[in-house]
> 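My questions will all concern the structure given below.
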Amino acid sequence: MKCRICSNPQGVSTSFGDMPIANGFLAEKDFQKEYFFKMETLFCDVCKTYQLIEQPDPEMMFHENYAFFSSTSKNMAVHFKEMADGYMQDFIPNKGNAFVVELGSNDGIMLKYFAQEGIKHLGIEPSSNVAEVARQHGVNTISEFFGAETAQAVEAEYGKADIISASNVMCHIPDLNSVGQGVDALLKETGIFVFEDPYLGSMISKTSYDQIYDEHVYIFSVLSVQNIFAPHGLELFHVEPQVTHGGSMRYYLCRKGTRAVRDSVKTQVQKEKDLGLDKVETYEKFTQSCEKSKKDFVTLLTKIKAEGKRVVGYAATSKSTTVLNYCNVGPDLIEYICDTTPLKQGKYSPGMHIPIKPYEDFKNDNPDYAVLFAWNHAEEIFAKEKGFLAQGGKWILFIPKVSVFETEDKLKNAI
Ligand code: TMP
Ligand code: ZN
């Protein structure tokens, strides 16, 4: 057990047991050959990076059948429009000469705004099915993993970039050293490297351990990001907390000394120290909180079942794979999970094999309880599922603690 960033062998590890691929929704015929890995995390006491110790091969996770399409969520569409607008206003005054690169550009949800403005852009997206959707939207996209080699090839063909952006991507890439080299090769002298990912501070304060799954090899903090990219001459000059994915952080980096470091960095570092993100005790306590959450979740579902009531899951998120497998909850306790993604419907959840149904089925079904797996999309979901509470249904939430809700407001406040 060694830190992936600094090779230090000391820290706190937490085990979540055998875990399948979070997005590995599968057909019954494939149950026997399902792949599992040992999901265990390490908090490195030296570079402060929170990470997965073992991770499946990237090819097992990001492939031609990758089931995650960014544009399926309306709120995410708004989020990425704002991100694109922000880049255009603040960082590329000279649009005509600008070159914007996005790593893990998914279905083009963010880059399409640059395509529409005729701004030179390139998406680098390893999953070929989502990359193809992006191309259909007019977004110039190549299907590659990003690293030093890809960066050099892109630089040779397109020149250097003003912005290298990555949303919910950096946390997927085990070899950040290669990314650092790639950014160094591809970024203009005055360019910026911006990325956002689920935030460690939110995960610790909400016990939202469901952020941990195969794809998230890192859960970053400001402290760790500073340490990870400093060896590549990159300096964190600004941070912006985001509400997406249940609490994310956007990190702005530049070549060291090329921009003034804003107060946001100092403020957030202090917040992290106040929260104990730099201390091993915090992660020991987090391990205990996860165990309590598991016990409470199983106890609640078992009690409801004993009462003869029905529970279903709402949204087959990748995060739900962690919760269901860690808590060992299967179709005996949760009948089915409804989801809007056609690729997931008709299949079974990874590991625990709960059937996935179209979300229209939920509307017509009137179950007694629904576990809100997509708690980070609560606002959007409540807007269309008012009928559920009206007919006496109750929501179950497992963050920040396992609870049952009969009103929207109480649930929203809890998140
Ligand atoms: P995420 O939490 O990783 O973004 O996963 C989102 C999943 O939730 C995706 O499979 C689509 C599903 N979903 C619904 O089923 N209904 C909804 O209203 C929303 C917003 C998402
Ligand atoms: Zn380390």
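Everything quoted here is computed from the prediction, not taken from an experiment. Basis for what follows: all heavy atoms, side chains included, without hydrogens, waters or symmetry-related copies.
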> Examine distances only and state if a side-chain atom of S320 and a backbone atom of A316 form a donor-acceptor pair shorter than 3.5 Å.
no
> Do Y336 and D365 have side-chain atoms, one donor and one acceptor, less than 3.5 Å apart?
yes
> Scan side-chain atoms only and decide if T287 and T14 contain a donor-acceptor pair under the 3.5 Å cut-off.
yes
> Given side chains that start at C-beta, do those of P56 and I21 come closer than 4.5 Å, heavy atoms only?
yes
> I'd like to know if the side chain of S202 reaches the main chain of L200, judged simply by a donor and an acceptor atom lying under 3.5 Å from each other, with no hydrogens or angles considered.
no
> Any sub-3.5 Å donor-acceptor pair from S178's side-chain atoms to D175's backbone N or O?
no
> Can a donor-acceptor pair be found between the side chains of T341 and D339 at a distance below 3.5 Å?
yes
> Under the rule for salt bridge (Lys or Arg N to Asp or Glu O under 4.0 Å), what residues qualify as partners of E40, not counting sequence neighbours?
none
> Not counting sequence neighbours, which residues clear side chain to side chain donor-acceptor pair (under 3.5 Å) with K38? List them please.
D18
> Donor-acceptor pairs are to be reported for all side-chain atoms of residues 139-146 against protein atoms at under 3.5 Å, with residues two or more places apart or in another chain.
| from | atom 1 | to | atom 2 | distance (Å) |
| --- | --- | --- | --- | --- |
| N140 | ND2 | Y158 | OH | 3.4 |
| T141 | OG1 | V139 | O | 2.8 |
| S143 | OG | E125 | O | 3.1 |

> With a 3.5 Å distance limit and no angle check, can you tell me whether N8 reaches the backbone of C3 through a side-chain donor-acceptor pair?
no
> Do M83 and R250 have side chains that get closer than 4.5 Å, going by heavy atoms?
yes
> Does K81 count as lying over the ring of Y113, i.e. NZ or CZ under 6.0 Å from the six-ring centre, within 45 degrees of the axis?
yes
> What orientation do Y283 and F43 show, parallel under 30°, tilted 30 to 60°, or perpendicular over 60°?
parallel
> Determine whether the side chains of S264 and T267 contain a donor N or O and an acceptor N or O closer than 3.5 Å.
no
> With Y50 as reference, evaluate F220, F286, Y218 under the side chain to side chain contact (heavy atoms under 4.5 Å, CB included) test and give the passing residue.
F286
> For D296, which residues count as a salt bridge (Lys or Arg N to Asp or Glu O under 4.0 Å) partner, sequence neighbours excluded?
K292
> Under a plain distance cut-off of 3.5 Å, with no hydrogens placed, do Q51 and H216 share a side-chain donor-acceptor pair?
no
> Hey, are the side chains of L301 and V329 touching, using non-hydrogen atoms and a 4.5 Å cut-off?
yes
> Determine whether a donor-acceptor pair (N or O, by modelled atom type, separation under 3.5 Å) exists between the side chain of R4 and the backbone of V217.
no
> Can you see whether Y326 has K294 sitting over its ring - NZ or CZ less than 6.0 Å from the centre and within 45° of the normal?
yes
> Find out whether N328 and V298 are in side-chain contact, i.e. whether some heavy atom of one side chain is under 4.5 Å from a heavy atom of the other.
no
> Within 45° of the axis and under 6.0 Å from the centre of the six-membered ring of F388, does NZ or CZ of K394 qualify?
no
> When you measure from the side chain of H121 to the backbone of I119, do you find a donor-acceptor pair of N or O atoms at a distance under 3.5 Å?
yes
> Indicate yes or no: at least one non-hydrogen side-chain atom of V12 is less than 4.5 angstrom from one of L42.
no
> Looking at T282 and G276, what are the two nearest heavy atoms and their distance?
OG1-O, 2.6 Å
> Is K303 salt-bridged to E307, going by a charged N under 4.0 Å from an acidic O?
yes
> Under a plain distance cut-off of 3.5 Å, with no hydrogens placed, do Y252 and E240 share a side-chain donor-acceptor pair?
yes
> In terms of the angle between their ring planes, are F193 and F229 parallel, tilted or perpendicular, with boundaries placed at 30° and 60°?
perpendicular
> Among E28, E34, K347, which residue meets the side chain to side chain donor-acceptor pair (under 3.5 Å) test with H353?
E34
> Could you report the tightest heavy-atom contact between P367 and F362, atom names first, then the distance?
CG-CE1, 3.9 Å
> Between K363 and E360, is there a salt bridge with N-O shorter than 4.0 Å?
no
> Does N75 offer a backbone N or O that forms a donor-acceptor pair with the side chain of E380 under 3.5 Å?
yes
> Under the rule for salt bridge (Lys or Arg N to Asp or Glu O under 4.0 Å), what residues qualify as partners of E335, not counting sequence neighbours?
R310
> Does the side chain of T321 reach to within under 4.5 Å of the side chain of Y213, using non-hydrogen atoms?
no
> Quick one: salt bridge (Lys or Arg N to Asp or Glu O under 4.0 Å) partners of K266, sequence neighbours excluded?
none
> Using 4.0 Å as the upper bound for N to carboxylate O, is an ion pair formed by D184 and R255?
yes
> Does the pair E272/K48 count as a salt bridge with the N-to-O cut at 4.0 Å?
no
> Looking only at side-chain N and O atoms, does E215 offer a donor or acceptor that is under 3.5 Å from a partner on N23?
yes
> Check for a donor-acceptor pair, side chain of T207 on one end and backbone N or O of S289 on the other, with a separation under 3.5 Å.
no
> Looking at E379 and K412, is there a salt bridge between them, counting it only when a charged N and a carboxylate O are closer than 4.0 Å?
yes
> State whether a side-chain donor-acceptor pair under 3.5 Å links Q242 with Y199.
no
> Can E235 and R259 be counted as an ion pair, charged N to O under 4.0 angstrom?
no
> When you compare the side chains of S165 and Y87, does any donor N or O come within less than 3.5 Å of an acceptor on the partner?
yes
> Say whether D197 and H172, considering side chains only, have a donor N or O and an acceptor N or O under 3.5 Å apart.
no
> Report yes if some heavy atom in the side chain of S349 is under 4.5 Å from a heavy atom in the side chain of I356; otherwise report no.
yes
> Side chains of I334 and F373: closer than 4.5 Å at any heavy-atom pair?
yes
> Check whether W375 forms a cation-pi arrangement with K319 (NZ or CZ under 6.0 Å from the six-membered ring centre, at most 45° off the ring normal).
yes
